[in-house]
Amino acid sequence: MLFGKIDYLNLLPFHVFLKRYPLSNQTKKSIEFKKGTPAKLCEDLSKRRIDAAIISSIESRNPKYTKLNLGICAKGAVKSVLVRKNSPKKLDPASKSSNMLGKILSLNGEIIIGDEALRQYIKDGGDKFYDMGEIWYQKTGLPFVFGLFCCNKNQNLYKKIINQFLKQKIKIPKYILNEYSKSRNISPSLILWYLEHISYSVNTKEKRALKKFISLAKKHNFRP
C-alpha cells in the first residue's frame with residue numbers, strides 16, 4: 001500500500017486520521033515518504049510508483065483510475081487557490097486543475113495554490129486576490145472539487161478507510177497544530193479558520209461540479 005501525500009494544510013484532518021488508523025508501521029512510513037504536489041502525485045500514480053493519491057481533479061477523468069468519494073472541496077471561497085490581481089500571468093506548476101480553472105474563469109494574473117497562497121492571502125489581504133472557489137460558486141452555484149482520491153489497486157481497503165474518515169469529525173491535537181503552525185508560519189487559529197472552508201465528501205453536487213469542470217476544460221482544449 002503506497003499512498004501519495006499532498007503535504008498541504010487542506011488535508012491535515014485526513015493525515016491526522018491516518019495517524020490513528022490501524023495500519024502497519026511500514027504503510028505509515030510509506031505514506032510519509034511519498035509526498036508531493038498534486039501534479040507530482042498525478043505523475044507518480046500514472047507510472048504506478050504509488051497506488052493511490054488525491055490528485056488534481058482534472059486528471060481524475062483518466063479511466064484507468066478508480067475514483068472514490070473523498071476530495072478537496074469548497075463551497076465558495078477557499079482562501080488557498082488564488083489569482084493575484086494586477087500581476088503578470090503566471091501558471092502554478094503544482095496544479096493543472098487550478099491553472100485550467102483560471103482559464104475557464106477568464107482570470108489573468110499569477111496563480112498561487114496551497115499553503116503559500118494562504119500565507120499570501122493572510123499577509124496581503126483578500127482584496128489583492130481573486131478567490132477561484134468563490135468565483136466558480138458565483139458563476140455555477142456549485143462547489144468546486146480541487147482534488148479527488150484515485151487509486152489503481154487496493155480499492156476495497158482505501159474505500160473502507162475513506163468511509164470511516166468521512167463519518168468522523170476530526171479534532172487536530174494541539175501538538176500537531178503547533179508543529180504545522182511553525183513549519184507553515186501560520187498561526188494555529190488561522191489554520192483552524194482556514195479548514196472551516198474545506199470539505200471532503202464528494203456527493204451529488206460535487207460530482208455534478210466535477211463533471212461540469214471537466215466538460216468546460218475540454219472546450220478549452222485541455223490536454224492531459
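- Remark: side-chain polar atoms of Asn10 are not paired, donor with acceptor, to backbone N or O of Gly114 under 3.5 angstrom.
- One finds the NZ atom of Lys96 at 4.0 Å from the CD atom of Glu59 (value rounded to the nearest 0.5 Å).
- Going from atom CZ of Phe14 over to atom CD1 of Ile198 covers 15.0 Å, rounded to the nearest 0.5 Å.
- The local environment of NZ in Lys85 is crowded, with over 12 non-hydrogen atoms from other residues, nucleotides or ligands closer than 6.0 Å.
- Counting all heavy atoms, side chain and backbone alike, Ile6 lies closest to His15 at O-NE2, 3.2 Å.
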Apply the test side chain to side chain contact (heavy atoms under 4.5 Å, CB included) to residues Lys19 and Ile176: give CA-CA distance (whole Å), side-chain angles for both, the deciding distance (0.1 Å), then the verdict.
CA-CA 11 Å; Lys19 283 180 179 289; Ile176 293 180; 4.2 Å; yes
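- Here the side chain of Asp115 pairs a donor or acceptor atom with the backbone of Leu9 at under 3.5 angstrom.
- No donor-acceptor contact under 3.5 angstrom links the side chains of Lys79 and Tyr194, judged on distance only.
- The closest side-chain heavy-atom distance from Arg20 to Gln168 is not below 4.5 Å.
- Across Ala209 and Pro143, no two heavy atoms sit closer than the pair CB-O, 3.0 Å.
- Pairing each heavy atom of Ala74 with each of Phe146, the nearest pair is CB-CE1, 4.0 Å.
- Put simply, NZ on Lys47 and CG on Asn152 are 14.0 Å apart, with the number rounded to the nearest 0.5 Å.
- Residues Glu43 and Lys40 are not paired through a salt bridge, judged by the lack of any N-O separation under 4.0 Å between the basic side chain and the carboxylate.
- Residues Tyr137 and Val81 do not share a hydrophobic cluster, clusters being chains of Ile/Leu/Val/Met/Phe/Trp/Tyr side chains in contact below 4.5 Å.
- Here CG of Leu45 is found 5.5 Å from CD1 of Ile55. Values are rounded to the nearest 0.5 Å.
- Ser97 and Ser95 are not linked by any side-chain donor-acceptor pair at a separation below 3.5 angstrom, with hydrogens and angles left out of the test.
- When each of Leu210, Val145, Asn203 is tested with Cys73 by the rule side chain to side chain contact (heavy atoms under 4.5 Å, CB included), just one qualifies, namely Val145.
- Heavy-atom minimum distance, Ala94 versus Ile113: CB-CD1, 3.8 Å.
- Between the side chain of Ser87 and the backbone N or O of Glu110 there is at least one donor-acceptor pair closer than 3.5 Å.
- Distance alone, capped at 3.5 Å, places no donor-acceptor pair between the Tyr180 side chain and the Pro188 backbone.
- Counting heavy-atom neighbours within 6.0 Å of Arg119 CZ, excluding the residue itself, gives a total above 12.
- Between Pro13 and Leu195 the shortest heavy-atom distance is CD-CD2, 4.0 Å.
- Judged by distance alone, the side chain of Asn69 and the main-chain N or O of Ser201 form no donor-acceptor pair under 3.5 Å.
- Using modelled atom types, no side-chain atom of Lys67 and backbone atom of Leu148 make a donor-acceptor pair closer than 3.5 Å.
- No side-chain heavy atom of Lys5 sits less than 4.5 Å from a side-chain heavy atom of Leu18.
- Between the side chain of Asn154 and the backbone N or O of Leu157 there is no donor-acceptor pair closer than 3.5 Å.
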Pair Glu134-Phe129, side chain to side chain contact (heavy atoms under 4.5 Å, CB included): steps then yes or no:
CA-CA 11 Å; Glu134 182 176 33; Phe129 301 94; over 6 Å; no
Going through the checks in order, is the side chain to side chain contact (heavy atoms under 4.5 Å, CB included) test met by Val78 and Met132?
CA-CA 8 Å; Val78 68; Met132 286 200 270; over 6 Å; no
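- The pair Asp7-Arg184 meets the salt-bridge criterion, since a charged nitrogen lies less than 4.0 angstrom from a carboxylate oxygen.
- Atom CD1 of Ile54 and atom CD1 of Ile72 lie 5.0 Å apart (nearest 0.5 Å).
- Around the NZ atom of Lys64, the shell of radius 6.0 Å holds more than 12 heavy atoms that belong to other residues, nucleotides or ligands.
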Test Leu142 against Arg208 for side chain to side chain contact (heavy atoms under 4.5 Å, CB included), laying out the working first.
CA-CA 8 Å; Leu142 293 169; Arg208 280 177 52 207; 3.8 Å; yes
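- Summarising the local packing, NZ of Lys75 is surrounded by 12 or fewer heavy atoms from other residues, nucleotides or ligands at distances under 6.0 Å.
- Tyr200 OH to Leu166 CG: the interatomic distance, rounded to the nearest 0.5 Å, is 10.5 Å.
- Counting only heavy atoms from C-beta outward, the side chains of Arg61 and Phe213 never approach each other to under 4.5 Å.
- A distance below 6.0 Å separates the ring centres of Tyr158 and Phe149.
- In terms of heavy atoms, Ala53 sits closest to Phe3 at CA-CE1, 3.9 Å.
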